[in-house]
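Since the structure comes first, as structure tokens, the remarks are kept for the end.
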Amino acid sequence: MIQGILQSQKRIKIFRDVPSDITIEVPGGTFALHKFPLVSRSGRLRKLIADYRDSDKSKIELPNLPGGAETFELAAKFCYGNNFEITPANVAQLCCISDYLEMTEGYSKDSLGSRAEEYLDSVVCKNLEMCVEVLKQCEALLPLADELKIVGRCIDAIASKTCTEQIASSFSRLEYSSSGRLNLCRPVKCEGDWWIEDLSALRVDLYQRVISAMKCRGVRPESIGASLINYAEKELTKKASLWNASGQSRPDVIAGSGSHERIVVETIVSLLPVEKLVVPLSFLFGLLRSAILLDCSVASRLDLERRIGSQLDMATLDDILIPSFRHAGDTLFDVDTVHRILINFSQQDDSEEELENVSVFESDSPQSPSQGALFKVSKLVDNYLVEIAPDANLKLNKFLVIAEALPEHARTVHDGLYRAIDVYLKAHQALSDAEKRKLCKLIDFQKLSQEAGAHAAQNERLPLQSIVQVLYFEQLRLRNALGCSFPEEEPKPMFHSWRVNSGALSASMSPKDNYASLRRENRELKLELARMRMRLNDLEKDHVCMKRNMQKSGSRKFMSSFSKKLGKLSFFGHTSSRGSSSPTPSRQSQITDSKVTDRTY
């Protein structure tokens, strides 16, 4: 086993009183050495010294020496037979400098290169922490470290080690259930993923290669996602405003954002697992804000928008309130990005419905997942419209595209949409009548609640035609409510003041006349409905009294009073009796009541 201690078979003692005959200048230092120890171990130095044999030049410059003066000092010690320890902190430098100086087996046995390679393969590649440390040292040795396959061997060792540990962890979580079946217990969050913190120390290009190798080896997507989150938090920790959902953009942050942060964001986006719900949605929104602020590539932003759109039903209002970072004088929030996210959500929803071979009833039912997602997103969009509506720079067309981004069946109630439009009308009073009508066409007044309808009927900001529609549908609602108040056998009251027949407004009347007429008729309907409720309350009280009396007495005298009380039901109809105005029942009706009583008792 390699102990990491270099020992030369034949020691060469360095005498300080012996003057040096060669000077080696490397980046970071100059060394006064002797030719014989160097040419016996290094092929490159042997050739250079041979070239200067016929000249008086005794100085050799090595400007491209990998590892600098510190590593060259170790190589010189090896040439002189001094001992030193090989560690993960210097093994990559020793491999590179031995290749550069040609300190290989071809020039001397038991060379520096062979010893460094043996330590790398037998010690470093069997330990994940050492591999990470070697990769960290390789950052300053590229591309030579890559050509010598030092980077590739460490990356493969890391990916293999993590995958093996996760497989072993999965086997350890296998247990038999009470029924005798072998089940896999639910893993603890990030269990066995201790390497996440170690990888965060790597440079972004090497980190990308490590994560890509892990994905190819089959490391769990949850572990990959956790590592990406940890790496992003460390690399972008100085850009605190990038992750602030409600923070405004700062010019000093934007000016100081170099290409490094941009590369980090684009790299993390490219490494995101394809599986859903592997990383939190808030993390995706944070990356999207960073990509917008740092002006990342269009492909990265579109990829994030697509991922967010596929799970938009889990988003919150704070998530989609993305500030407009760059365009001065533009809207406060980035409406265009939210619009593209909504388009991705709608297209994803449509594609899923096409792929699923289900019946029409299943796909359109409110209980289906896609329909439930539509309901959630529709509420989210309505709340978003309320938030952005007061912005004076928000153009009507941008408001409309957000409101129309979802299909019509997504909203079962239009209260939220009405509220957003009302806020927009209040903040943009300079809109023309045509623009107001165009805006109010989005509202289905039949889908307004009673409270929203009452508010809209008195809203002076709405166009007159919209108010007329509100009053008309409110009238229909009242008519339906009155119609449902009567049993099927009872005659329904006739209201001669109603002017609207067969569900259409009178075309011969002006809008103002229609408006006044509908308001008047609605007041009459409300009064009549109030009277009906009072009468129904009286009937309920009489019914309770009759039940008590029936329990106390079963005589014909009580049944006679019962039949009289039934006569009170006649006030449901407003038409008077054709023949009699007498309050006492006819003889024929008394005989009929008597027969009914006889058969009952």
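The figures here come from the full heavy-atom set of this structure, side chains too, leaving out hydrogens, waters and symmetry mates. Note that the numbering runs from 1 along the sequence shown for the chain.
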**Asked** Take atom CD in E408; do more than 12 heavy atoms of anything else shown fall under 6.0 Å from it?
**Response** no
**Request:** Compute the centroid of each ring, for H428 and then for Y424, and state whether the two points are separated by less than 6.0 Å.
**Result:** yes
**Asked** Do L385 and L417 touch side chain to side chain, with heavy atoms closer than 4.5 Å?
**Response** yes
**Request:** Check whether more than 12 heavy atoms from other residues, nucleotides or ligands sit under 6.0 Å from atom NZ of K215, and answer yes or no.
**Result:** yes
**Request:** Could you tell me the separation between the CG atom of N383 and the CG atom of D318, rounded to the nearest 0.5 Å?
**Result:** 11.0 Å
**Request:** Rounded to the nearest 0.5 Å, what's the gap from OG1 on T331 to CG on N393? Could you check?
**Result:** 7.5 Å
**Message:** Between E117 and R153 (salt bridge meaning N to carboxylate O under 4.0 Å), is one present in this structure?
**Reply:** yes
Only pairs under 3.5 Å count here: list side-chain donor-acceptor contacts from residues 123-130, not counting sequence neighbours, and write none if there are none.
unit_1	atom_1	unit_2	atom_2	d
N127	OD1	E129	N	3.1
N127	OD1	M130	N	3.0

**Asked** Which residues satisfy the side chain to side chain donor-acceptor pair (under 3.5 Å) test with R419, sequence neighbours excluded?
**Response** none
**Request:** For H414 and D444, indicate whether the former's side chain and the latter's backbone hold a donor-acceptor pair under 3.5 Å.
**Result:** yes
**Message:** Suppose the criterion is salt bridge (charged side-chain N to carboxylate O under 4.0 Å, His left out): which pairs have a residue in residues 371-394, not counting sequence neighbours?
**Reply:** D382-R411
**Between CG on residue L65 and OG1 on residue T71, distance to nearest 0.5 Å** = 7.5 Å
Would you give me the side-chain donor-acceptor pairs under 3.5 Å for residues 137-150, sequence neighbours excluded?
unit_1	atom_1	unit_2	atom_2	d
Q137	OE1	Q93	NE2	3.0
E139	OE2	R203	N	2.8
D146	OD1	R209	NH2	3.3
D146	OD2	R209	NH1	2.9

**Donor-acceptor side-chain pairing of T316 and D319 below 3.5 angstrom** = yes
**Asked** Have W194 and E165 got a donor and an acceptor in their side chains that come within less than 3.5 Å?
**Response** yes
**Prompt:** With distance as the sole criterion, is a donor-acceptor pair present between the side chains of S259 and R262 under 3.5 Å?
**Reply:** no
**Item:** Partners meeting ring pair (Phe, Tyr, Trp, His ring centres under 6.0 Å) with Y384 (sequence neighbours left out)
**Value:** none
**Message:** Looking at S297 and E266, would you say the former's side chain and the latter's main chain have a donor-acceptor pair under 3.5 Å?
**Reply:** no
**Message:** Any non-hydrogen side-chain atom of L94 less than 4.5 Å from a side-chain atom of Y119?
**Reply:** no
**Item:** Residue pair L312 / L380: nearest heavy atoms and the distance that separates them
**Value:** O-CD2, 4.0 Å
**Request:** Report the residues that fulfil salt bridge (charged side-chain N to carboxylate O under 4.0 Å, His left out) with E133, sequence neighbours left out, ordered by chain and then residue number.
**Result:** none
**Message:** Between E105 and S114, is there a side-chain donor-acceptor contact under 3.5 Å, judged purely by atom types and distance?
**Reply:** yes
